[in-house]
Q: 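First the structure, which I've put down as structure tokens, then a few questions once you've had a look.
Residue numbers run from 1 in the order of the sequence given.
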Amino acid sequence: MIDIFTYHTPLGWLGKLADFMFLKKYMYQFLESRNRILKSFVESGEWKNSLPNFAN
């Protein structure tokens, strides 16, 4: 799986400063955490239990 995540910070230089100081690191950690959760969910087989049962 490959995540392509594009974002633009508003507020000109103030947004660029926020991006440099903390936003880029936060978003990277957010995507890493999301991918770990997705991987665990898929590998455990839990996703099979969350599918609707149309057999009835």
Q: Considering residues at least two apart in sequence or located in another chain, which fulfil the side-chain contact (heavy atoms from CB on, under 4.5 Å) criterion with Y28?
A: E32
Q: Atom CG in L31, atom CD in Q29: separation rounded to 0.5 Å?
A: 10.5 Å
Q: Would you give the length of the straight line joining atom CG of L11 to atom CG of D19, rounded to the nearest 0.5 angstrom?
A: 12.0 Å
Q: Please say whether more than 12 non-hydrogen atoms of neighbouring residues, nucleotides or ligands are located less than 6.0 Å from CZ in F41.
A: yes
Q: Taking ring-ring contact (aromatic ring centres under 6.0 Å, His included) as the test, write out the residues that go with F5, two or more places apart.
A: Y7
Q: Could you tell me which residues satisfy side-chain contact (heavy atoms from CB on, under 4.5 Å) with S33, sequence neighbours excluded, listed by chain and number?
A: R36, I37
